[in-house]
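Shown next, in structure tokens, is the structure this report addresses.
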Amino acid sequence: MMRTASTTPLLVTLSLFVLIGTFHIEVCNGDLGSLVSSMMRPGKGNGRGDREGDKEVGGKNQGDTGGLKMKFYEKTCPNVDVEKIVETITWNKTKANPSLGAKLLRMHFHDCFVTGCDASILLDPSTNKASPQVEKEAGPNLSVSGYELIDEIKTRLEKECRETVSCADIIALATRDAVSFQFQKRMWEVPLGRRDGRTSLASEAFDNLPSPSSNFQILQKAFDDKGLDIRDLVALSGAIDRVLQESGLITTQVLSFLTFWLHNAGAHTLGITQCGMISARLFNFTGKGDTDPSIEKSYAEALRSKCRRSFETELEMDPGSSKFFDGNYYKIVNQKKGIFESDATLLTNSFAASLVKEFEDNNKFFAAFATSMVKLGGTGVLTRKNEGEIRRKCRFVN
């Protein structure tokens with residue numbers, strides 16, 4: 001049974017954007033897969049519990065991965081290469097649909113940032129109309145997609161190894177594999193052993209996902225609450241900036257009530273947004289018909305010129321480099337050309353600003369992003385046998 005809780009509609013009047021759409025990665029600066037795998041080596045952790053498996057990972061320097069372990073399924077599913085099955089299915093789907101990388105990154109972030117990486121975002125609404133809304137129904141999650149891929153992987157793994165591989169682990173692996181596809185190598189290692197949560201509440205999504213207009217202090221606290229630091233905030237910011245908003249999926253009416261937290265930097269290194277997402281910043285920043293002064297003047301005028309025509313006009317989040325997963329986004333932010341208010345807020349903290357400069361180096365950005373993804377994947381995980389369950393179907397509790 002899912003627990004019940006009262007929920008109330010949340011009318012969000014903040015400026016916003018929704019991170020969805022095309023995620024297209026092209027190899028740059030050589031062999032990224034080798035670079036990341038050589039630099040990303042998880043250590044020992046201090047998680048919430050142990051499950052049978054192999055080497056435990058985590059640690060103070062590499063981040064708390066919640067007691068997860070490398071090669072976890074070698075003992076519990078000894079005759080099946082779980083990671084290879086997930087990779088094969090995900091790569092086949094990503095080859096046909098390059099947007100999967102961005103979609104799964106978003107799903108993974110939104111799952112982990114609410115009640116931890118427990119696949120609670122996958123649970124479907126109850127047929128009982130009196131039951132509270134689930135996370136899927138929360139405003140920030142209405143355009144999350146990629147559920148069908150998770151279902152397909154789960155169905156295959158249930159045939160190979162019944163009630164053994166969790167939906168939470170599948171999300172973590174599929175996200176890594178979809179992002180890694182065009183590099184044809186795994187960009188980071190994924191420690192495993194997560195169990196699936198039994199509850200899902202839309203109210204908790206609203207409570208835990210900060211808005212794109214949050215200032216640095218709010219962002220820092222949100223990340224700190226999840227065991228993530230400023231370095232993680234800046235690194236994860238630069239990863240999805242190049243995500244093209246899918247046309248027709250979000251209506252103006254829906255947008256006026258939604259908010260989505262992943263406005264920070266590295267996530268912005270892939271994609272395109274629309275003028276409507278930054279209209280207040282360009283045309284009415286303080287309610288007096290003015291423009292946000294933190295935008296470089298000539299760039300602000302260029303944006304205003306484009307956006308006067310239509311709020312549906314598309315804009316590159318990372319001008320000149322929106323097809324590449326690289327550190328160019330950070331150069332743009334340092335030039336005061338970050339398209340979102342939350343991009344500019346990274347420069348209001350001296351340490352974050354120093355990281356923005358550091359991550360202009362692709363090698364440093366790639367390594368930091370890989371490390372931060374491992375840390376994110378260890379957020380609030382369930383690992384003890386008396387915590388959660390291994391769902392038979394990802395959309396429903398057992």
Side-chain angles (χ1 to χ4, degrees), residues 18-37 40 80-112 117 119 121-122 141 143-157 160 165-190 192 236 238-247 249 262 266-272 317-318 321-326 365-366 369-370 372-374 376-377 394:
V18 181
L19 192 62
I20 54 180
T22 301
F23 182 92
H24 179 70
I25 301 176
E26 297 184 19
V27 177
C28 53
N29 262 15
D31 189 347
L32 174 61
S34 297
L35 167 70
V36 172
S37 61
M40 197 16 264
V80 176
D81 190 338
V82 171
E83 291 199 46
K84 188 62 179 177
I85 288 174
V86 176
E87 181 183 71
T88 299
I89 295 174
T90 303
W91 281 19
N92 285 339
K93 295 296 182 180
T94 306
K95 182 177 181 179
N97 180 9
S99 70
L100 275 176
K103 291 176 179 180
L104 293 178
L105 268 173
R106 184 163 185 242
M107 177 190 290
H108 192 37
F109 286 136
H110 278 222
D111 183 45
C112 294
C117 306
I121 196 171
L122 301 180
N141 292 332
S143 59
V144 170
S145 57
Y147 299 114
E148 294 78 10
L149 172 64
I150 304 301
D151 291 338
E152 181 176 340
I153 294 170
K154 180 63 173 174
T155 298
R156 170 67 186 281
L157 290 173
E160 300 287 346
V165 183
S166 70
C167 301
D169 276 348
I170 291 173
I171 293 176
L173 287 170
T175 298
R176 187 270 310 274
D177 295 337
V179 172
S180 301
F181 169 69
Q182 289 199 16
F183 300 106
Q184 294 295 296
K185 290 188 178 183
R186 296 171 182 173
M187 288 175 61
W188 63 90
E189 299 176 63
V190 178
L192 302 169
L236 293 175
I240 313 170
D241 181 61
R242 301 174 183 164
V243 182
L244 176 64
Q245 185 179 4
E246 291 176 348
S247 60
L249 187 60
L262 192 58
H268 295 173
T269 188
L270 290 154
I272 295 172
M317 294 184 189
D318 184 358
S321 187
S322 63
K323 291 184 178 180
F324 294 89
F325 184 74
D326 59 19
F365 164 57
F366 293 146
F369 176 70
S372 294
M373 284 300 295
V374 174
L376 176 72
C394 292

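All heavy atoms count here, side chains included; hydrogens, waters and symmetry mates do not.
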Side chain to side chain contact (heavy atoms under 4.5 Å, CB included), that's the test. Do L122 and I171 meet it? Break it down for me. CA-CA 10 Å; L122 301 180; I171 293 176; 3.8 Å; yes

Closest approach of [X] to [Y] (non-hydrogen atoms, all atoms of both residues):
X    : Y    : value
W91  : S180 : CZ2-O, 4.4 Å
C117 : G377 : SG-O, 3.6 Å
A178 : G101 : CB-CA, 3.7 Å

message: So, using salt bridge (Lys or Arg N to Asp or Glu O under 4.0 Å) as the criterion, who are the partners of D81 when residues are at least two apart?
response: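 Here no residue qualifies.
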
Drop me the distance from [X]'s [atom1] to [Y]'s [atom2], to the nearest 0.5 angstrom.
X    : Y    : atom1 : atom2 : result
L376 : F369 : CG    : CZ    : 9.0 Å
Y147 : C167 : OH    : SG    : 13.0 Å
I170 : E152 : CD1   : CD    : 11.0 Å
I85  : E160 : CD1   : CD    : 4.5 Å

So [Y] and [X], do their side chains get closer than 4.5 Å, heavy atoms only?
X    : Y    : result
K103 : L149 : no
L104 : H108 : no
I153 : L173 : no
R106 : S143 : yes
L157 : V86  : yes

Does atom NZ of K154 have more than 12 heavy-atom neighbours from other groups under 6.0 Å away?
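Yes.
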
* To do: Before giving the answer on salt bridge (Lys or Arg N to Asp or Glu O under 4.0 Å), spell out for E148 and K93 the whole-Å C-alpha distance, their side-chain angles and the decisive distance to 0.1 Å.
  => CA-CA 11 Å; E148 294 78 10; K93 295 296 182 180; over 6 Å; no

Would you call R186 and E83 a salt bridge, taking side-chain N to carboxylate O under 4.0 Å as the test?
->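 Salt bridge flag = yes for E83 with R186.
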
request  = Take F181 and L100, measure what side chain to side chain contact (heavy atoms under 4.5 Å, CB included) needs, and give me the verdict at the end.
outcome  = CA-CA 10 Å; F181 169 69; L100 275 176; over 6 Å; no

inquiry  = We want to know whether R176 and T90 form a side-chain donor-acceptor pair, criterion being a heavy-atom distance below 3.5 angstrom.
reply    =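 No, no side-chain donor-acceptor pair sits under 3.5 Å.
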
Does any N or O in the side chain of D111 come within less than 3.5 Å of the main-chain N or O of A119, such that one atom is a donor and the other an acceptor?
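Yes.
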
task: For side chain to side chain contact (heavy atoms under 4.5 Å, CB included), just list the numbers for T175 and M373, CA-CA rounded to whole Å, side-chain angles, deciding distance to a tenth of an Å, and then say yes or no.
output: CA-CA 10 Å; T175 298; M373 284 300 295; 4.2 Å; yes

